[in-house]
Amino acid sequence: MPASCSSSIEAASGGNLRNYKHTQASFLASLMPKREIAADKFLDANPQYDGRGVLIAIFDSGVDPAAAALQVTSDGKPKVLDVLDCTGSGDVDTSTVVKADADGCICGASGAPLVVNSSWKNPSGEWHVGYKLVYELFTKDLTSRLKKERRKQWDELNQEAISDAVEKLSEFDQKHAKVEDPHLKRLREDLQNRVDLLQKQANSYDDKGPVIDAVVWNDGEFWRVALDTQSLEDEPGKGKLADFVPLTNYRIERKYGIFSKLDACSFVTNVFEEGNVLSIVTDCSPHGTHVAGIATAYHPQEPLLSGVAPGAQIISCKIGDARLGSMETGTGLTRALIAAVEHKCDLINMSYGEASLLPDYGRFVDLVNEAVNKHHLVFISSAGNEGPALSTVGAPGGTTSSIIGIGAYVSPAMAAGAHCVVEPPNEGLEYTWSSRGPTADGDLGVSVSAPGGAVAPVPTWTLQCRMLMNGTSMSSPCACGGVALLISAMKAEGIHVSPYDVRKAIENTCAPISSSPEERLTTGMGLMQVDKALEYVRQLSDIPSVWYEVKVNLSGKSTPTYRGVYLREASACQQAAEWTVQVAPKFHEDASKLDDLVPFEECIELHSSDTTVVRAPEYLFLTHNGRSFNVIVDPTNLESGLHYYEVYGIDSKAPWRGPLFRIPVTITKPMAVVNSPPLISFAGMQFCPGHIERKYIEVPHGATWIEATMRTSGFDTSRRFFVDAVQLSPLKRYMKTESVVTFSSPSAQTFSFAVEGGKTIELAIAQFWSSGTGSQELTTVDFEIAFHGFKIKNEEIVLGGSEAPTRIDVGSLLSSEKLAPSATLKKVRIPLRPVATKLQTLPTNRDRLPSGKQILALTLTYKFKLEDGAEIKPYIPLLNNRVYDTKFESQFYMISDANKRIYAWGDVYPEAASVPKGELTLQLFLRHDNVQLLEKMKTLVIFIERTLESKEVIQLSFYSQPDGHVTGNDKFQSSILVPGSEEAFYVGPPSKDKLPKNCPEGSLLVGAISYGRVSSSKAKNGGDPEKNPVPYQICYVVPPNKTGEDKGSDLSISTNKKVAERIEEEVRDAKIKVLTSLKLHSAEERVEWKKLSMSLKSEYPKYTPLLAKILEGILSQDNIEDKCCHLEEVIKAADEVIDSIDRDELAKYLSQKIVPEDEEEEKTKKQMETTRDQLAEALYQKGLALSEIESLKAERKAEDLASDQVGAPPESHQNSFEATYKELRKWADVKSSKYGTLSVIRERRSKRLGTALKVLNDIINENGQPPKKKLYDLKLSLIEEIGWEHIASYERQWMHVRFPSRLPLF
């Protein structure tokens, strides 16, 4: 609570806390808790030590520099010194350089004309341009709000257009009561099509957001940035580029912009790579601003709402990638650490994290260790929100030795105030969801606790100043603010600031939250107390700054190494064990070897919190090189349940320092299940708000799932419970099943979940801390668990691609179980190798490590093709699912089509995305400073995982006999296994005719197999294996394709001809092949091509394939100087193709339904169909050329007459176009995607624009391939010609999505 609030609650009567009431002051103070950590008392005594002189790096989702209370510090200094997007999600490619014309106009990257402000200094005259889809910068919530508001405006305009179209159709119907004339019918159809198109447009509306143009230039001193945001504004003329107040890198002038009043979203800019990269920085959620506010907000008008350290300054390091929602990336984390060191920050707060399979391990951990040990940064992070079960602390906050992990505490004042609980708890307690220790390697996990909820500032785009959030994300900045107060005092008093001393001070001066030793795993050392921490550090003047590294091994074994003793499994609790503890003092890297390391000697008293269980030597003489000693842990006489002890070392000459190091000893002694069938019950458990019952059970060998029933009774108001079940296995993330259940009245709830036999499971049942606070009644809970399972010899099954089935052996060890196997294959994984690689050094300072090493980047390019649209995602086994517990720095991928449209992007957690059919490209971007490591990745194999359609899903069959798959007999359905029995059966591979299409050789069909289901299931046989408690993976390797039977048929045909004929044909075809291979880019190449084509025409004057290739060549020419002349040449070449074909003979042949009986007839049929296609193509190209000539000549005539009235095109061309169109209609579907453009042109010539647009939409929708830009350009021109400006604006925005000028930056 704030310094001015000496008491948060006052007693009403009788000393009963439930009767305490808030005053207005204490209520406001409870919204930003400070009293709990004694920050108020500290500031009362030391008002100048309010964080002044302290710089905090906020690693989060981004901080809004416009947010309330984040403008200045308590002593008037700027609050936010820098704002960085470390992820690259806001990067804009501004490498395109343009020059302004005489009027100061430039062409923006979006294609829009832009006018630069004449007052802007630009000595070089070079303007870097780029553009960004603005929704890519906004959060999901902000985008949703804008979409609703923009949709409302668009609907109003569209409704006006519909009303106008309906009115015109109604007028036509009134004027023409009976429509029989074909011309009138087509006119009415056109009017109806306009109505239909507008209605369909409303149904298919999908707002991809406005496009903003960015311009970057150097004014001779700094790089400057201006944005054109007209597309965001409601009012015409607003948001013009020339009206923008230029920004530069935020740290230089500390200025920000607002996109528009509609979004109220602030942003800052930073320029990199000499103007070639612009970073537009926005936040990706309110989280980061809220965190920054808790730590440092300054409210001069309402000091009670100020943060813990209002005098501290911050830099914002955005590690949450907006492209991924707000997920952190390796790139973001690395760049953030680089920035924190570069800015010489004192503190880092990181309220992010997740589970990991290895504690205190990984690339990010290595970089953090360097920042703390070498650069003296104090790193504070959230422990996680995965409680109440033990061993749920997340990485990096709860698992990394050099990071101070913070748990979340709620006080009675917070409960009554911020959470508006009617009757707050009697005492403060940890939030139910706060993650608990120990880590998998025995470390405590939670260092200290701090208030985990607050009403703090949020970004302006939320349209409010502050909001309530809770989580360890909030307790971490509260603790960080407290540490900022401490460092502020240390700096002011000339006390050396070391993260080692700071940590020891806050841990050894905590106020205990609970008297139970086991609660250390929940709360850490307790609730931090800033005032006592200052008293502690004031006594450290003559004591070296040392961190005591503790490593623990089982005596006689050098590996694995732990940071504590954690006895969790039953076998470890059945006998005493001796452990070797190595304690090594660690100094900062800048410590003097002679002055600090050599003279270091300490006489340490070793203490055990309970010598009946944990015994240690009495003393330890410690020098710089460290010492080891043995500890004996004897859990044999302990009852089942949780037990916690410590061995800790005290400086015998300065016992006031408190424990210098601790060796946590956690014992979770499980109870055995002795009943048969295996069943265990816990009856009559009593719960009050916040109470947790922990039960540890040794899961019987052979158990693979649990079926549990929870019954509640004895209460009136509703009750909310957390039910967690956790198991640990080496090199795996904790295996956790969680359920949040609300009982509105006494009732029962059932659960089922997978377990691992032979391992201890913790069952944590917790009544939510605020549930039932208004009731005096306890909740009675009865919990019953039944163990089920099968013993499977081969858990993961691979069907190798042959016809042979695979044998499966299944047994039951526990009780009678119904064996009902079920297996489905639902996905296909297609392996890919890179087709191109690019290794480069990243050029900017943001990618230079504090050590001076420059980070390298490897881009791998993969190509793949889909025959149909599908839902896919990349699967990269080496890299997926690890952020912190990996030695690789980062990865990012993008999937795009031939038009460079992005359909998906992601990093370690790929998500499925819908992509169209056709050629697609996946680019994978890998970063590291180790070039050898990246070189090894150049041949990295990845998979494209495609989800099969429901009709493609393969249900595998089971058989009692090894030949059952071939004979189709002896199918295995189900049987009953009694304890101790086994049964064998076979799973057959899928039949080849059921394999889904587009599964190349070597692909994997992947799915699940299960052997039983829960007792209450009503599914037939085995049901869906993925919905059963324990599915295992099954996959099938797609074998080589069947050899083609018609191979060599061409040879048999050709042998029927004479040798001379065959030679003549081969020579002719070779000449044509040479002609088609010639390039036509330069004038010289075109001359040579023309000579050869004329020679061949004279030699084979009526050979249609040759004439068709000549037409293709003319069409492929670029850099045409005389367009009309070129089009006449196209018409001439098309006529030559048409004239070479006997159309009567062709029509006669095609009119017959001939079924070829031999190879010669098959070849004749193919030749006739090819000739038809060549004829249709020639007619189509002729029609296009005729239409374009008409347009060009009409434009020239209009220019000559300098008049708005365009003369009619020549009658000959009009007639020729119509004749060509009608001829094409005989040979092809003129509304198909291949030839439909001609129908569009014809309708447009007749001013039937609605029909033209309908035909064009049909073409686009029918094609299914990546769209062609010329079709959408035509569509846009038709819409503009009709006058539907709101749809034209919508389509122009979509053009930037469908046809971006380049791929976005990684």
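FYI, side chains are in, hydrogens and waters are out, and symmetry mates aren't considered; it's all heavy atoms of this structure.
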Donor-acceptor contact present, side-chain Asn880 to main-chain Ile876, <3.5 Å:
yes

NZ on Lys132 to CD1 on Ile280, rounded to 0.5 Å
7.5 Å

Does Lys147 make a cation-pi contact with Tyr205, if we ask for NZ or CZ under 6.0 Å from the ring centre and within 45° of the axis?
no

With a 3.5 Å cut-off and no angle check, do the side chains of Ser260 and Asp263 form a donor-acceptor pair?
yes

Taking atom types as modelled, find out whether Asp897 and Tyr903 have a side-chain donor-acceptor pair closer than 3.5 angstrom.
yes

So, for Cys345 and Ile315, which heavy atoms are closest and what is the spacing to 0.1 Å?
SG-CD1, 3.7 Å

All heavy atoms of Ser326 vs all of Tyr352, minimum pair found to be O-OH, 2.8 Å

Any chance you could measure Thr282, atom OG1, to Leu142, atom CG, to the nearest 0.5 Å?
9.0 Å

Scan side-chain atoms only and decide if Asp283 and Ser61 contain a donor-acceptor pair under the 3.5 Å cut-off.
no

Would you say the side chains of Ser95 and Arg1302 form a donor-acceptor pair under 3.5 Å?
yes

Does NZ or CZ of Arg901 fall inside the cone over Phe1299's six-membered ring, less than 6.0 Å from its centre and within 45° of the axis?
no

Cationic N near anionic O, under 4.0 Å, Glu253 to Arg224
yes

Point-to-point distance, once rounded to the nearest 0.5 Å, from CG of Leu84 to CZ of Arg846:
9.0 Å

Is Glu342 salt-bridged to Arg251, cutoff N-O under 4.0 Å?
yes

Answer yes if the side chains of Ser89 and Thr87 hold a donor-acceptor pair under 3.5 Å, and no otherwise.
yes

Establish, yes or no, whether a centroid distance under 6.0 Å links the rings of Trp905 and Tyr893.
no

As a test of understanding, state which of Phe259, Tyr256, Phe138 forms a ring pair (Phe, Tyr, Trp, His ring centres under 6.0 Å) with Phe267.
Phe259

Would you call Lys863-Glu919 a salt bridge at under 4.0 Å N-O?
no

To the nearest 0.5 angstrom, please state how far the CD atom of Gln891 sits from the CG atom of Leu940.
10.0 Å

Test your reading of the model: is there a side-chain donor-acceptor pair from Tyr1290 to the backbone of Asp206, 3.5 Å cut-off?
yes

Any non-hydrogen side-chain atom of Glu136 less than 4.5 Å from a side-chain atom of Arg323?
no

Selection residues 832-843 - residue pairs positive for side-chain hydrogen bond (donor to acceptor under 3.5 Å, both in side chains), sequence neighbours left out
none

May I ask you to check whether Ser110 and Asp213 show a side-chain donor-acceptor distance below 3.5 Å?
yes

Is Lys1269 salt-bridged to Asp1273, going by a charged N under 4.0 Å from an acidic O?
yes

Check Asp64 against Thr289 and note the closest heavy-atom contact, atom names and distance.
N-OG1, 2.9 Å

Show the nearest heavy-atom pair for residues Asn270 and Val83, with the distance to one decimal.
ND2-O, 3.0 Å

Do Asn276 and Glu274 have side-chain N/O donor and acceptor atoms under 3.5 Å apart?
no

How far apart are the closest heavy atoms of Thr329 and Asp907, and which atoms are they?
CG2-OD2, 3.6 Å

Those residues at least two apart in sequence (or on a different chain) that pass ring pair (Phe, Tyr, Trp, His ring centres under 6.0 Å) with Phe892 are none

Interatomic distance, Asp929 atom CG to Asp847 atom CG [nearest 0.5 angstrom]:
11.0 Å

Looking at every heavy atom in both Leu860 and Met937, which two are closest together, and how far apart are they?
CD1-O, 3.4 Å

Tyr135 and Asp207 side chains, donor-acceptor separation under 3.5 Å
yes

Could you measure the distance from the CZ atom of Arg335 to the CG atom of Leu337? Nearest 0.5 Å is fine.
13.0 Å

Aromatic ring proximity Phe888/His928, centre distance under 6.0 Å:
no

Have His287 and Ser473 got a donor and an acceptor in their side chains that come within less than 3.5 Å?
yes

Stepwise side-chain hydrogen bond (donor to acceptor under 3.5 Å, both in side chains) check, Ser124 with Asn122
CA-CA 6 Å; Ser124 69; Asn122 185 355; 3.1 Å; yes

Please report whether the ring centroid of Trp217 lies less than 6.0 Å from that of Trp223.
no

